[in-house]
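These figures come from a predicted structure and were not determined experimentally.
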Amino acid sequence: MRPALLLALVPLLTHAAPAEPKFRLQEIDKVSIGYGLAIADVNGDGKPDILLADQHTVQWYQNPTWQKHVIAENLTKLDHVCIAAQVVDGKCEVAVGAGWNPSDTVNSGAVFYLQAPADPTQKWTAIALPHEPTVHRMQWVQVDAKRWDLVVQPLHGRGNKNTTGVGAKMLAYEKPADPKQPWKLAVVNDLSHVTHNLQPTRWGAGAAQQILSGSKEGIWLNSLEAGAWKQTALTNVPTGELRDGKLANGQRFLATVEPFHGTTSAVYTQDAEGKWIRQQLLDGFKEGHAVACADFLGTGSDQYVVGWRGADPGIRLLTPLDAAGKTWRTSTLTTKEVAVEDFKAADLDGDGKPDLIVAGRQTKNLVILWNAR
């Protein structure tokens with residue numbers, strides 16, 4: 001065989017399609033709405049626990065029995081809507097967003113820091129913080145080697161009508177030594193309209209994280225530089241959910257639901273000049289509401305899962321079939337079993353394989369999809 005022909009066959013011989021995914025579904029609780037999920041070691045036993053902001057309660061589920069511990073209830077008259085949890089210096093930091101009314105862009109919203117008691121299975125102390133209306137999503141973000149800020153994204157700008165007006169003001173909260181004292185606030189991004197989610201990520205060489213955020217204007221990369229937040233537009237397609245992953249060639253990709261509560265999912269990869277190129281992979285679902293990236297299949301490249309709710313719910317796994325992410329395979333993980341409100345990827349049992357934790361809205365359930373590959 002000629003050497004040139006042999007070299008041409010190498011990619012075909014070494015990049016065979018990975019096996020189809022295998023997941024085992026376990027329902028661990030019935031919930032009211034299951035607005036927001038977080039994964040963190042709450043009790044310091046070295047095992048990741050599940051935290052949930054449900055409609056009127058906040059609870060965590062203890063790994064591995066999944067015993068439920070309600071730590072807050074009825075923080076406002078309106079629904080809880082989001083939760084953030086992160087272990088910092090050996091302590092699990094938890095915050096919750098509430099007061100959920102997306103049509104009220106003036107008086108809705110609430111942000112609470114939950115101060116843990118000595119026994120984390122008991123009720124935690126809720127400390128109210130300043131907030132913008134329509135608080136919708138939050139994450140703890142590492143801003144330097146020692147500090148983690150709480151970053152909160154509202155859905156709309158203050159006083160907006162019909163999604164127009166001032167930008168939605170994403171805020172970073174710097175926690176003081178005494179959390180009952182005033183927290184320092186900084187504006188991360190106030191250029192966006194109709195936002196939905198954000199993701200801490202690391203695109204730089206240092207300890208500090210950057211923040212990906214989606215909006216009607218597209219995807220932003222938000223970076224703290226010289227003490228001030230800088231916003232860089234990456235795409236201009238209206239985006240709701242988004243996460244980033246790594247391909248086998250080492251390049252990043254962005255996975256989305258488009259637009260807000262959208263019907264399509266796309267993946268973005270960069271060309272030689274660094275421009276983000278969009279490739280639409282799914283279309284026709286209703287109310288897309290979650291994306292997560294991880295190497296579920298153990299291929300050395302991340303895949304991504306996308307989930308939606310509505311009348312015909314489902315979760316699909318999208319797998320790159322080449323090192324550069326030019327071709328993707330779609331696999332069905334669930335259909336009517338769970339109508340996705342939120343999900344998170346995490347290795348819950350320490351077997352080195354990411355699992356998927358899913359809160360279902362219309363199906364009113366909290367489930368684990370155990371990775372059984």
Side-chain angles (χ1 to χ4, degrees), residues 31-38 51-59 70-85 94-114 126-139 150-173 183 185 187-198 213-217 238-241 257 259-262 286-290 308-310 339-343 359-364 366:
V31 301
S32 179
I33 289 180
Y35 278 107
L37 283 165
L51 298 95
L52 178 71
D54 205 358
Q55 186 174 19
H56 300 299
T57 59
V58 179
Q59 57 246 25
V70 176
I71 59 175
E73 296 181 82
N74 301 307
L75 292 173
T76 63
K77 292 181 179 179
L78 299 174
D79 294 0
H80 307 147
V81 70
C82 55
I83 188 169
V94 179
V96 176
W100 177 235
N101 182 359
S103 63
D104 180 356
T105 62
V106 177
N107 296 310
S108 69
V111 174
F112 296 92
Y113 172 75
L114 298 187
I127 300 171
L129 304 179
H131 67 275
E132 288 292 298
T134 66
V135 166
H136 186 252
R137 288 290 182 264
M138 55 174 52
Q139 296 281 356
L150 177 67
V151 176
V152 180
Q153 174 73 76
L155 190 69
H156 299 297
R158 182 180 291 271
N160 279 12
K161 296 181 179 179
N162 298 320
T163 73
T164 62
V166 301
K169 190 177 290 186
M170 186 194 301
L171 295 177
Y173 296 65
W183 294 43
L185 302 182
V187 177
V188 176
N189 187 320
D190 60 0
L191 305 174
S192 303
H193 297 78
V194 195
T195 73
H196 200 257
N197 216 333
L198 68 150
S213 57
S215 68
K216 186 171 69 173
E217 290 77 16
T239 301
E241 294 292 324
V257 166
F260 165 86
H261 286 187
K286 296 181 179 179
E287 296 186 57
H289 221 257
W308 59 94
R309 57 191 195 188
V340 176
E341 181 71 9
D342 194 16
F343 58 47
R361 189 183 182 101
Q362 291 89 339
T363 47
K364 298 183 180 297
L366 178 63

Please identify each residue that fulfils side chain to side chain donor-acceptor pair (under 3.5 Å) with [X], with sequence neighbours left out.
| X | result |
| --- | --- |
| Asp190 | none |
| Thr105 | none |
| Thr195 | Gln153 |

Tell me every residue that passes side-chain contact (heavy atoms from CB on, under 4.5 Å) with [X], counting only those two or more places apart in sequence or in another chain.
| X | answer |
| --- | --- |
| Ile71 | Val58, Trp60, Leu114, Trp124 |
| Val166 | Asn160 |
| Ala95 | Met138, Trp140, Leu150 |
| Lys364 | none |

Is a donor from one side chain sitting under 3.5 angstrom from an acceptor on the other, for Ser103 and Asn101? yes
Under a 3.5 Å threshold, yes or no: a donor from one side chain and an acceptor from the other, between Glu241 and His289? no
Do [X] and [Y] have side chains that get closer than 4.5 Å, going by heavy atoms?
| X | Y | result |
| --- | --- | --- |
| Asn189 | Ser213 | yes |
| Leu198 | Val151 | yes |
| Val94 | Leu51 | yes |
| Tyr113 | Ile127 | yes |

Check whether [X] reaches the backbone of [Y] with its side chain - one donor and one acceptor, N or O, closer than 3.5 Å.
| X | Y | result |
| --- | --- | --- |
| Thr363 | Ala339 | yes |
| His196 | Ser215 | no |
| Ser108 | Thr134 | yes |

Worked check of side chain to side chain contact (heavy atoms under 4.5 Å, CB included) between Lys216 and Thr163: CA-CA 9 Å; Lys216 186 171 69 173; Thr163 73; 3.7 Å; yes
Counting only pairs under 3.5 Å, give me each side-chain donor-acceptor contact of residues 73-84, with atom names and distances, residues two or more places apart or in other chains.
{"from": "Glu73", "atom 1": "OE2", "to": "Lys123", "atom 2": "NZ", "distance (Å)": "2.7"}
{"from": "Thr76", "atom 1": "OG1", "to": "Leu78", "atom 2": "N", "distance (Å)": "3.4"}
{"from": "Thr76", "atom 1": "OG1", "to": "Leu78", "atom 2": "O", "distance (Å)": "2.8"}
{"from": "Thr76", "atom 1": "OG1", "to": "Gly99", "atom 2": "N", "distance (Å)": "3.0"}
{"from": "Asp79", "atom 1": "OD1", "to": "Gln55", "atom 2": "NE2", "distance (Å)": "3.3"}
{"from": "Asp79", "atom 1": "OD2", "to": "Tyr35", "atom 2": "OH", "distance (Å)": "2.6"}
{"from": "Asp79", "atom 1": "OD2", "to": "Gln55", "atom 2": "NE2", "distance (Å)": "3.3"}
{"from": "His80", "atom 1": "ND1", "to": "Asp54", "atom 2": "O", "distance (Å)": "3.1"}
{"from": "His80", "atom 1": "ND1", "to": "Thr57", "atom 2": "N", "distance (Å)": "3.3"}
{"from": "His80", "atom 1": "ND1", "to": "Thr57", "atom 2": "O", "distance (Å)": "3.2"}
{"from": "His80", "atom 1": "NE2", "to": "Leu75", "atom 2": "N", "distance (Å)": "3.1"}

For a quick test of reading the model, state the closest non-hydrogen atom pair linking [X] to [Y] and the distance between them.
| X | Y | answer |
| --- | --- | --- |
| Gly360 | Val31 | O-CG2, 4.0 Å |
| Leu185 | Pro130 | CD1-CB, 4.1 Å |
| Phe112 | Ala126 | CD2-CB, 4.0 Å |
| Val106 | Gly159 | CG2-CA, 4.1 Å |

Contacts of Glu132 that satisfy salt bridge (charged side-chain N to carboxylate O under 4.0 Å, His left out) - sequence neighbours left out: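 Per chain and number, Glu132 pairs via salt bridge (charged side-chain N to carboxylate O under 4.0 Å, His left out) with Arg158.
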Please enumerate all residues that pass salt bridge (charged side-chain N to carboxylate O under 4.0 Å, His left out) together with Arg309, with sequence neighbours excluded.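 Per chain and number, Arg309 pairs via salt bridge (charged side-chain N to carboxylate O under 4.0 Å, His left out) with Glu287, Glu341.
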For atom NZ of Lys169, decide whether the heavy atoms of other residues, nucleotides or ligands shown that lie under 6.0 angstrom number more than 12. no
Calculate, to the nearest 0.5 Å, the distance between atoms CG and CG belonging to Asp342 and Leu52 respectively. 8.5 Å
When rounded to the nearest 0.5 angstrom, what distance separates CD in Glu217 from OG1 in Thr239? 10.0 Å
Does the gap between the ring centers of His136 and Trp100 come in under 6.0 Å? yes
Applying ring-ring contact (aromatic ring centres under 6.0 Å, His included), name anything that partners His156, two or more places apart in sequence or on another chain.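 Scan of His156 (ring-ring contact (aromatic ring centres under 6.0 Å, His included), adjacent residues dropped) gives none.
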So, using ring-ring contact (aromatic ring centres under 6.0 Å, His included) as the criterion, who are the partners of Tyr173 when residues are at least two apart?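 By the ring-ring contact (aromatic ring centres under 6.0 Å, His included) rule, Tyr173 matches no residue at all.
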